[in-house]
Amino acid sequence: VATKNALLPLLTVVVFAQPLNAFVFAADGILQGASQFTFQAKAMLLSVWAAVASFIGLEYLGMDKGVQPGTETLLHVWYALIFLQLMRG
């Protein structure tokens with residue numbers, strides 16, 4: 001029961017991420033089909049830096065209210081992954 005309650009906030013994040021991931025993967029395929037590898041590499045580099053910065057910001061600002069202690073970092077990782085995908089999209 002404790003594990004279920006700890007992972008419940010993560011469920012909404014993962015559900016939101018799935019359609020976004022599908023869009024980003026389709027856009028990746030379009031860029032690769034158009035041989036835009038240099039643009040894709042630069043965009044990925046910028047996206048990774050932004051995602052890492054968002055993770056660090058979330059970890060140090062820690063504005064998660066109503067989340068069980070000890071599960072914040074997992075949520076921050078998923079938030080950073082979604083931000084990565086938003087930047088790539």
What I'd like to find out is whether the side chain of [X] reaches to under 4.5 Å of the side chain of [Y], using heavy atoms alone.
X: Q36; Y: I30; value: no
X: V24; Y: L86; value: no
X: S47; Y: W49; value: no

- Task: For side-chain contact (heavy atoms from CB on, under 4.5 Å), just list the numbers for T73 and F55, CA-CA rounded to whole Å, side-chain angles, deciding distance to a tenth of an Å, and then say yes or no.
- Result: CA-CA 9 Å; T73 299; F55 174 75; 4.2 Å; yes

Nearest-0.5 Å distance that lies between atom [atom1] in [X] and atom [atom2] in [Y]:
X: L58; Y: F83; atom1: CG; atom2: CZ; value: 9.5 Å
X: L10; Y: Y79; atom1: CG; atom2: OH; value: 8.5 Å
X: L61; Y: S54; atom1: CG; atom2: OG; value: 11.0 Å
X: W78; Y: L11; atom1: CH2; atom2: CG; value: 10.5 Å
X: L8; Y: T3; atom1: CG; atom2: OG1; value: 12.5 Å
X: L31; Y: Q40; atom1: CG; atom2: CD; value: 5.0 Å

- What are the two closest heavy atoms between L84 and V48, and how far apart are they? CD1-N, 3.7 Å

- Could you tell me which non-hydrogen atom of R88 sits nearest to which non-hydrogen atom of F25, and how far apart they are?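 Reported closest heavy-atom pair: NH1-CE2, 4.3 Å.
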
- Shared hydrophobic cluster for L7 and V13 (ILVMFWY, side-chain gaps under 4.5 Å): yes

- Is there a chain of hydrophobic side chains (I, L, V, M, F, W, Y, each step under 4.5 Å between heavy atoms) that links V52 to M87?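 Shared cluster, no.
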
- Message: I'd like to know whether I56 forms a side-chain contact (heavy atoms from CB on, under 4.5 Å) with Y60, so could you lay out the CA-CA distance, the side-chain angles of the two residues, the decisive distance to 0.1 Å, and finally the verdict.
- Response: CA-CA 6 Å; I56 291 170; Y60 287 107; 3.5 Å; yes

